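Written below as C-alpha cells is the structure these notes are about.
Numbers restart at 1 for each chain; the letters A, B, ... are given by sequence-line order, proteins then strands. Since we're looking at a predicted model, the values are computed, not measured.
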Number of protein chains: 2
Amino acid sequence: MGKTSITIKEIARQLGISKSTVSRALRDSSEISGATKERVIELARKLNYSPNPIALSLLKNQTHTIGIIVPDIDNPFFSTAISGVEDVAYSRGYHVMIYQSHESYEREMADVRHIADRRADGLIVSVASRSLHHQHFADLQEGGIPIVFFDRASNEVQTHKVLVDDYTSSFAGTEHLIEQGCRKIAHVSGPMSLAISRNRCNGYRDALRKHKLPQRDEWVLEAEYNQAGGTERAYQLMALRERPDGIFAASDRIAIGVHWALRQLGYRMPDDVALLGFSDLGVSSLLDPPLSSIAQPSFEMGRQSAELLLELIENKSTPVTYETRVLKTHLQVRGSSLKINAPVVQASAEIPEESYPS
Amino acid sequence: MGKTSITIKEIARQLGISKSTVSRALRDSSEISGATKERVIELARKLNYSPNPIALSLLKNQTHTIGIIVPDIDNPFFSTAISGVEDVAYSRGYHVMIYQSHESYEREMADVRHIADRRADGLIVSVASRSLHHQHFADLQEGGIPIVFFDRASNEVQTHKVLVDDYTSSFAGTEHLIEQGCRKIAHVSGPMSLAISRNRCNGYRDALRKHKLPQRDEWVLEAEYNQAGGTERAYQLMALRERPDGIFAASDRIAIGVHWALRQLGYRMPDDVALLGFSDLGVSSLLDPPLSSIAQPSFEMGRQSAELLLELIENKSTPVTYETRVLKTHLQVRGSSLKINAPVVQASAEIPEESYPS
DNA sequence: CTGAAAGCGCTTACAG
DNA sequence: CTGAAAGCGCTTACAG
C-alpha cells in the first residue's frame, strides 16, 4: 500500500541516465537530444508519471494556491462569488482553498494563520461582521502574501477591492419604495461594524431626506445578515405604534426573515407593507410574493477579485496605487414591492430568469 | 517584498547552534537540554517562526489535506455536508480542498487527477450524475489514496460508504401521500445512472404495489437534480390526460421546480396535487405552501465520512472489510402534502425549526 | 547533550 | 548534449 508515486529518479534508473537529464527532457529543454527526450517522455507516460508539486513548491517558494475566506459558504452570494474566483484561478493553474469565518473574529484570524502557515500565494476575503480589528490582514500582507477584498472590505488595509455601489443602489432602492407610495419606510440594516451596512443605511437615509419623508430611530434596526435577524426585527417593527408601510432590508437573507414574519403576522405584501432586499439570491424569486431586490453581480465580483489577486501575485513589485472596482447593481422589481395601482417604474412582469437555475 | 519566512537555519545562525538542535528543540525532543530548548523556543516565538508545511510534506509524503468532490457547492445539502467534513477534519489537523464536478464526467476526472497530482491524503466524494464509469476512482485508490463515498456511491469501487436508506424512506414517503388520499401518484426521479435515484424510484414503485395503486409509465419521469428539471417534468405530467394527484420528487431542488410550475398552472397544493420532496433543504419551508420533505442528516453524513476517511488514512493497512453506514431520515410533513380532512399521520403543525437558520 | 550528513523530489547553474 | 553537485526547509539515524 502507501502512495508510491514514481519519481524522476526511477525514470532515470530505468533508462540508465541521470536525473538531471530526465528533468530537462520532461521540461522540453532545448539542450537535450530529440532521441533522449522521446525515450524519457514515453516512459514517463507509460509509468503515469506526474511531478510532485510539493517538491516544486519547496523549490519555487510558490504554492499555486490561493485562499478565500467568506463568512458562510452556504450563502448563495458567496458560493457564486467563489465559483467566479475558481473560474479564473483554475484557468490560470491555481487551486482555491475555501475557508468560512462564520462571522467570527477568532475563526477569521485562525483562517488567516492557516493560510500563512500553508504558504498560500494570496488571499481573497470578505470580512466577518464580528471582526474587531483587521491587523491580521495587515500582518499577512506585510509577510508578503497579497490580499484582495470583495464585498466587505477593510478600510485599515490598503489593497485592491471589488465592491458594488452600496450607497447609490440603496438610495435608488429606497426611492423605488417611495415611488410605490410608501411613506413610512423602515430599514433593517446589517451590523454597523461593516462599511457595506453603513453605506446601505446612508443611502436609505438620504433618499428619505431628499423626499422629505419622516425618519424615526425606531425604524432603523440592526441585525446580523441572516434570516433569524430579519424575523426578529420585523416583529419589532410591526409592533410599533407607528408601523412602517415599507421595509428595506440590507440583504436578502434578512429580507427572507422579514417576509416570513410578515406572512405570519397576516400582513399582505406589497399593499400593507412593501419589501425590498439586497443581493437577489436565487430563492428570492420563489417566495410568495416574490421578493424585489437589488441584484449584485456576485460571479463577476469573484472573477475580478481573482484577476486582481493574480496580478499582485505574479508582479512581484508592489503596485504604486491600488484599485477599487465598483460594479453595477440593478433593481429587480417583483411582487413584494410592486403595487398595481402605483406608477410602474421598472417592472419586470415576465417570469424572472432566476427561477430556472441550470 | 516576497515571502521571506524565517527558517530553522536562521534561528540556528542567530543562536550559533546547529539546525539539528533547533529542529529537535522545537519538537521538544528529550535529548535537548532545557536551557537550549528555552532559548530556541523563545527566539522562534519572537521571530514568529512557523515550520514550512511544504518541507514537512515532502519529508513525510503526507499532506494533511483531504479533497472533497461534490456536484455543486451551492446545493445546501452538499454545503452542509462539507461543513460536517470540515468539522472533524480541522479538529484533527487536516485541511479540506473542495472541488465541484458540476455533474460532469470530464470535470470529475480532472478533479480526481488534480487530487492525485496534489498528493492529497484522501478523498470524499459524491459522484456526478453524468459519470459514465468510475475507473478514475479505482485508479486513485489503487495509487494508495483512500476514498469514502457519501450519498452518491459507486458500486464499482469497494470502500467505506455513508448513505441514507433511500429505498425505505421513499417507500414511507409514498405511503404518506397515499394516506393523504392520493391515488394517482407520479414520481420525478433523478438520473437513473445514480443508485440513489434507482433506490428512491423502487421505494415509490413498491409502495404503490403494496397498496395496489395504478402504476403508469408516463407518471415516472427522469430529470437532473435541479429546479429546471422539476419545472419541465411538472408541465409534462399535468398535461397528461390522466393527471396525477400526488407527486413525489426525488430531491427538493426538483420539488421546488415542480412547486413553481404547479403554482404557475393554477393548481392548489395539496388539494389538487400533493407534493413531497427529498432532503429537506432550508428553503423548502419558506415556500407557500411549505414543502413536505424527507429530511437527510447532511451535516452528520459529512462528519461520518470524514471519520471513516481519517481512519483509512491513519491506519496504513487496508481494512479487511469496508463499512457502509446507513443513516436515518425522517419525514417532515408540511403544507404541500398535508390535507386537513385526511387522517393526520406525523403532522408537525408548529413553526418548523428550519425557518430560523442561525 | 549536540553536530554533520543524508535524504524527501525536484531544478538549475556549473563543468565537461 | 549530459552529468555531478548544490540547494529549497525540514527530520532523523549515526557519531561523538
Next on the checklist: Can you tell me how the ring of A:His134 sits relative to the ring of A:His136, calling it parallel under 30°, perpendicular over 60° and tilted otherwise?
Outcome noted: perpendicular

Next on the checklist: Classify the ring geometry of A:Tyr94 against A:His64: parallel below 30°, tilted from 30° to 60°, perpendicular beyond 60°.
Outcome noted: tilted

Grab the [atom1]-[atom2] distance between [X] and [N] for me, whole Å please.
X: B:Arg13; N: C:dG3; atom1: CZ; atom2: P; value: 16 Å
X: A:Asp28; N: D:dC1; atom1: CG; atom2: P; value: 13 Å
X: A:Asn61; N: D:dG7; atom1: CG; atom2: P; value: 17 Å
X: A:Asp117; N: D:dG9; atom1: CG; atom2: C1'; value: 15 Å
X: B:Leu58; N: C:dA6; atom1: CG; atom2: P; value: 18 Å
X: B:Leu59; N: D:dC10; atom1: CG; atom2: P; value: 11 Å

Next on the checklist: Once you apply a heavy-atom cut-off of 4.0 Å, does B:Ile8 come out as touching a base, just sugar-phosphate, or nothing?
Outcome noted: sugar-phosphate

Checklist entry - Contact class for A:Ser57 vs. all strands (heavy atom < 4.0 Å): base, sugar-phosphate, or nothing? => result nothing

Mind listing the N/O atom pairs, protein and nucleotides 12-16 of chain D, below 3.5 Å?
| residue | atom | partner | partner atom | Å |
| --- | --- | --- | --- | --- |
| D:dA13 | N6 | B:Arg24 | NH2 | 2.1 |

Side chains of [X] and [Y]: is there a donor and an acceptor less than 3.5 Å apart?
X: A:Ser23; Y: A:Ser20; result: no
X: B:His95; Y: B:Tyr90; result: yes
X: B:Ser101; Y: B:Ser104; result: no
X: A:Gln158; Y: A:Gln141; result: no
X: A:Gln135; Y: A:Asp139; result: yes

Item to check | Under-4.0 Å side-chain N/O to phosphate OP1/OP2 contact, B:Ser33 with C:dT2 | outcome: yes

Next on the checklist: Any side-chain N or O of B:Lys9 below 4.0 angstrom from OP1/OP2 of D:dG7?
Outcome noted: no

Checklist entry - Which heavy atom in B:Val88 sits nearest to a heavy atom in B:Ala306, and how many Å separate them? => result CG2-CB, 3.3 Å

Checklist entry - Roughly how far apart, to the nearest Å, are C:dT2 and D:dG9 at atom P? => result 24 Å

Return a table of donor-acceptor pairs under 3.5 angstrom between the side chains of residues 74-82 of chain A and protein atoms on other chains or two or more places apart.
| residue | atom | partner | partner atom | Å |
| --- | --- | --- | --- | --- |
| A:Asn75 | OD1 | A:Phe77 | N | 2.9 |
| A:Ser79 | OG | A:Pro76 | O | 3.4 |
| A:Thr80 | OG1 | A:Pro76 | O | 2.7 |

Next on the checklist: Among residues 41-56 of chain B, which ones have heavy-atom contacts with DNA chain D below 4.0 Å?
Outcome noted: B:Tyr49, B:Pro51, B:Asn52, B:Ala55, B:Leu56

Checklist entry - Does anything in residues 26-45 of chain B pair up under ring pair (Phe, Tyr, Trp, His ring centres under 6.0 Å), and if so which pairs, sequence neighbours excluded? => result none

Checklist entry - Got a minute to check which stems DNA chain C is part of, using Watson-Crick or G-U wobble pairs under 3.5 Å, three or more consecutive? => result C:1-3 with D:14-16, C:5-12 with D:5-12, C:14-16 with D:1-3

Item to check | By salt bridge (charged side-chain N to carboxylate O under 4.0 Å, His left out) - contacts of B:Arg107 (at least two apart) | outcome: B:Asp111

Checklist entry - Nearest of D:dG3, C:dG9, C:dT2 to any side-chain atom of A:Ile17? => result D:dG3

